[in-house]
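Notes follow once the structure below has been shown.
Whatever order the structure lists ligands and atoms in, that order sets their numbers, starting from 1. The figures that follow rest on heavy atoms only: side chains count, while hydrogens, waters and symmetry mates do not. The first residue of the sequence shown is numbered 1, and numbering continues consecutively from there.
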Amino acid sequence: MFTDLNDKTVLITGSTKGIGRAAAVAFARAGAIVGINSSQKDEAALELIAQLESEEARFAYYERDLTKSGECESLIQAFVEQFGELDVLVNNAGGLGVRKGLETLEDDDFERVMDLNLRSVIMTTRFAMPHLKASAAKRGGTASVISTGSIAGREGGGLGASLYGGSKAMLHNLHRNWVKEFTQDGIRFNIVAPGTIDTAFHADKSAEVKEKIASTIAMGRLGTSEECAPSFLFLASHAASGYITGQVIDVNGGQMCP
Ligand code: NAD
C-alpha cells in the first residue's frame, strides 16, 4: 500500500512519542527516508532511534525546539543538507501548553501555546517552501504538507483548553489559505485531526476522566497513535490522495464533543 512513498523524503516534527512516533515508524516501513525530531534527545528519542536502526530504516534524528523560529529554519536546513531534498513535511509537534480558565490567563500562557502550536508550524513550513517547490517541480506536483490539527479546532477543546483549541482552529484555517497560495506550485496541504488519542498528552488525566471521555466517543474508547498513522501516509501518497487538498481528516472513533 502507498508504494509511491518508497524513497520519498519525509520530515516529521515532534516525532519521538505518540502520534508522530507512530507516523515515523509507518513512513519508514513504507520505504520513506525519514527525519525525526524532538526538542530534547531524551529516553523516548533514544528508544525510537534504536528501533529504527534495528529495522534498518533510512532516517536521521534532529534535536530542535520548534517554539523558536531559528530552530525551525535550522531543522529544515539540516534535513535538506543531509538528504538533498524534502518531499513531504508533517507538522506534528504541538501540545496543550496550559490548562487554565480564561480569567487566569496571562501573556506567558498565550505565548507558550501559540509558539508551540502555531509558530512551530508556520515557521517550519515557511522555511520548507523552497524545498517543497523544488520537489514538486522535479516530481510533477507531488509535494505535500500535512499538519496535525485536532477535534478541539472544531469543537473548542475541553475546559481550560481554549488557547489550545483556538490555536488548532487557526492551524486548520492557515492550511485553507496556503492551498490558495501554493496549489499552483504543486503542493497539497491537509490536516489529520485526531480525537482523544491515548498518548502522553493525556498524562494529567485519571483513569476515571479517561473513562468519562471514552463515553463521549461512539466507539467507546480512546484511539491509539497507530490508528492515526495511516491517515498521514494516505495524505502523503500522491497516488492515493493526489486530488485531495485543503481537507481535514477526522480520526476520532465517532467522537462528537471532547
Ligand atoms: P506527545 O506528547 O505524545 O508527543 C509530542 C511530541 O512532540 C514528542 O515527540 C515531543 O518530544 C515533541 N515536542 C514537544 N514540544 C516540542 C518542541 N517544542 N519542538 C519539537 N518537538 C516537540 O503528544 P501527541 O498526543 O502524540 O500529540 C502530537 C500532536 O497531536 C500534537 O500536535 C497534538 O496537539 C495533536 N493532538 C493530539 C491529540 C491526543 O488526544 N493525543 C488529539 C488531537 C491532536
Val251: partners by side-chain contact (heavy atoms from CB on, under 4.5 Å), with sequence neighbours left out: Val192, Cys228, Ser231, Ile249
Quick check on ligand 1: any N or O pairs to the protein under 3.5 Å? One line per pair.
residue: ligand 1; atom: 9 (O); partner: Thr16; partner atom: N; Å: 3.1
residue: ligand 1; atom: 9 (O); partner: Thr16; partner atom: OG1; Å: 2.8
residue: ligand 1; atom: 9 (O); partner: Lys17; partner atom: N; Å: 3.2
residue: ligand 1; atom: 18 (N); partner: Asp65; partner atom: OD1; Å: 2.9
residue: ligand 1; atom: 19 (N); partner: Leu66; partner atom: N; Å: 3.0
residue: ligand 1; atom: 25 (O); partner: Thr199; partner atom: OG1; Å: 2.5
residue: ligand 1; atom: 26 (O); partner: Ile19; partner atom: N; Å: 2.8
residue: ligand 1; atom: 32 (O); partner: Asn92; partner atom: O; Å: 2.8
residue: ligand 1; atom: 32 (O); partner: Lys168; partner atom: NZ; Å: 3.0
residue: ligand 1; atom: 34 (O); partner: Tyr164; partner atom: OH; Å: 2.7
residue: ligand 1; atom: 34 (O); partner: Lys168; partner atom: NZ; Å: 3.2
residue: ligand 1; atom: 40 (O); partner: Gly195; partner atom: O; Å: 3.3
residue: ligand 1; atom: 40 (O); partner: Ile197; partner atom: N; Å: 2.8
residue: ligand 1; atom: 40 (O); partner: Ile197; partner atom: O; Å: 3.4
residue: ligand 1; atom: 40 (O); partner: His202; partner atom: NE2; Å: 2.6
residue: ligand 1; atom: 41 (N); partner: Ile197; partner atom: O; Å: 3.2
residue: ligand 1; atom: 41 (N); partner: Thr199; partner atom: OG1; Å: 3.1

Side-chain donor-acceptor distances from residues 124-134 under 3.5 Å, at least two apart:
residue: Thr124; atom: OG1; partner: Ser120; partner atom: O; Å: 2.6
residue: Thr125; atom: OG1; partner: Asn91; partner atom: ND2; Å: 3.0
residue: Thr125; atom: OG1; partner: Val121; partner atom: O; Å: 2.6

Answer yes or no: does atom CG of Asp107 have more than 12 heavy-atom neighbours from other residues, nucleotides or ligands under 6.0 Å? no
Take atom CZ in Phe110; do more than 12 heavy atoms of anything else shown fall under 6.0 Å from it? no
Mind telling me whether Phe189 and Trp178 have parallel, tilted or perpendicular rings, with 30° and 60° as the class edges? tilted
Show me the pairs that pass salt bridge (charged side-chain N to carboxylate O under 4.0 Å, His left out) and involve residues 156-166, at least two apart or across chains. none
